[in-house]
Amino acid sequence: MLRNGFTLKKGIVLSTLLGLVLAGGLGNGLSAQETVAERETRMRWWTDARFGMFIHWGLYALPARHEWVKSQEHITDADYQKYFDYFNPDLFNPQEWARAAKNAGMKYFVVTTKHHEGFCLFDSKFTDYKATKTPYGKDLIKPLLEAMRAEGLRVGFYYSLLDWHHPEYTLDENHPMFGNQEFAENAKNRDQKKYIEYLHNQVRELLTEYGTIDCLFMDFSFPGSNGKDRKDWDSEKLIKMIRELQPDIIVDDRLDLLDVPGGWDYRTPEQFMPPEWVTIDGKRVPWETCQTFSGSWGYYRDEATWKSVRQLVVMLIETVSKGGNLLLNVGPTARGTFDARATERLNGMGEWMKTGSRSITGCTQAPEAFKTPANCLLTYDPDGKRLYVHVLEWPMGVLALDGFAGKVAYAQLLYDASEVEFSESMEMGYLPGKSEGRASNTLILRLPVRQPDVAVPVIELFLK
Ligand code: GLC
């Protein structure tokens, strides 16, 4: 079962990589009605935001061993039913979640309205397999949207194209009952068209009943003989409806419409850091990497491979240094809480963001002219004309920035706005005896010996 999960994740990473490579010649996702500049304007809040919260919540929080548990362990509907019957997140407090996201420095969130298991967190009129019919008895989506909006966050829906509960959803390689002869026999008359109708109805419902939805994460297509692709979702019709209902919405790239104008807005490398700004046909495109704290999206009680706060902060900086967004996932428990490990990470990131957010929000990759110094990551604020040097290994006394001389008007540490003195010549004696070897365009920053007490120290350079 674990092997299954591993293969699966590997498959997704591989297909993401492949997608990134094969995407050449597939267009840039722009519709006939929209120019690059217009898309940039539509997506401006999102590319400025840089940091969002993903929330994976559903019945799988009860088994607490991966959101794919139903598929990985080949659990029947009858055996999975207990999680529905006992679903009662009595401690769910959306204001707390919203505050946690805001304090971490996140500017938007994306919540699973339905994951692959088919369970709906919203009060859909097209099914009874939803939160309002569980012992909890209440809609989870509306209060969450209200709380998030009240904290000033933009809102996004995740919706699973896969559905392991719907009676008309046809068998495929990811289905929990794939390989079960008896099930296959009973399922042979399933009509995917009826499922498509259900899926389109629910997406329409989500995009009409909940006010403005800022982004939409449709998940996912897996073309192949036992897979599902655009035909199985009627993706082209679906994207048209989505754009009609919410013209400003920002949509991911998993509807299998990479080659269709207007078929997507951004690429989604998953649990994987692209080596550079994601491009198509050599042109940079908007991208967002979604990442977990510990490998699982749903709450996983016994998973121990949690990333440290510092790793997560570096992940955020690295993402922005390549012009991307980070959507960082929380898998709440079945009581409706963020567990202590998640809270500790979010608090830690928030602590760093309190002073560090200026190098993240509204920032992007540094202009070509600035080469990244060793052990550093650069980001750039084009409006404020400021360059941010994130120092991953604190050096002894000086930091030499080749090619930066003549370009910097003032420098300070970001965490306390204390001046960083610098010089553009060797005579200052900061590099005794080394002057001959240095290019004359080197900027020498004089740093305190003691590293500032933050997860990753940042130097803010005000450019001329
Ligand atoms: C994958 C997984 C899923 C997760 C998603 C997040 O497609 O199937 O469990 O929700 O990635 O991007």
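Start at 1 and go down the list; that is how both ligands and their atoms are numbered.
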(message) Just by distance, no angles: are the side chains of Thr361 and Ser357 close enough, under 3.5 Å, to form a donor-acceptor pair?
(response) no
(request) Could you list the atoms of ligand 1 found under 4.0 angstrom from a heavy atom of Tyr158? (result) 10 (O)
(message) At less than 4.0 angstrom from any non-hydrogen atom of Phe217, what atoms of ligand 1 do you find?
(response) 12 (O)
(message) Centre-to-centre under 6.0 Å for Phe119 and Tyr83, is that the case here?
(response) no
(request) Could you list the atoms of ligand 1 found under 4.0 angstrom from a heavy atom of Glu67? (result) 3 (C), 9 (O)
(message) Parallel, tilted or perpendicular: which one describes the rings of His116 and Phe220, with boundaries at 30° and 60°?
(response) perpendicular
(request) Could you list the atoms of ligand 1 found under 4.0 angstrom from a heavy atom of Cys290? (result) 12 (O)
(request) Scan side-chain atoms only and decide if Gln192 and Tyr169 contain a donor-acceptor pair under the 3.5 Å cut-off. (result) no
(request) Taking only heavy atoms of His116 into account, list the atoms of ligand 1 that are under 4.0 Å away from them. (result) 2 (C), 3 (C), 8 (O), 9 (O)
(request) Enumerate the atoms of ligand 1 whose separation from the nearest heavy atom of Trp68 is less than 4.0 angstrom. (result) 2 (C), 3 (C), 8 (O), 9 (O)
(message) Show the atoms of ligand 1 that are less than 4.0 angstrom away from any heavy atom in His115.
(response) 3 (C), 4 (C), 9 (O), 10 (O)
(request) Examine the side chains of Glu303 and Thr305 and answer whether a donor and an acceptor come within less than 3.5 Å of each other. (result) yes
(request) Would you please indicate if the ring centroids of Tyr158 and His56 are separated by under 6.0 Å? (result) yes
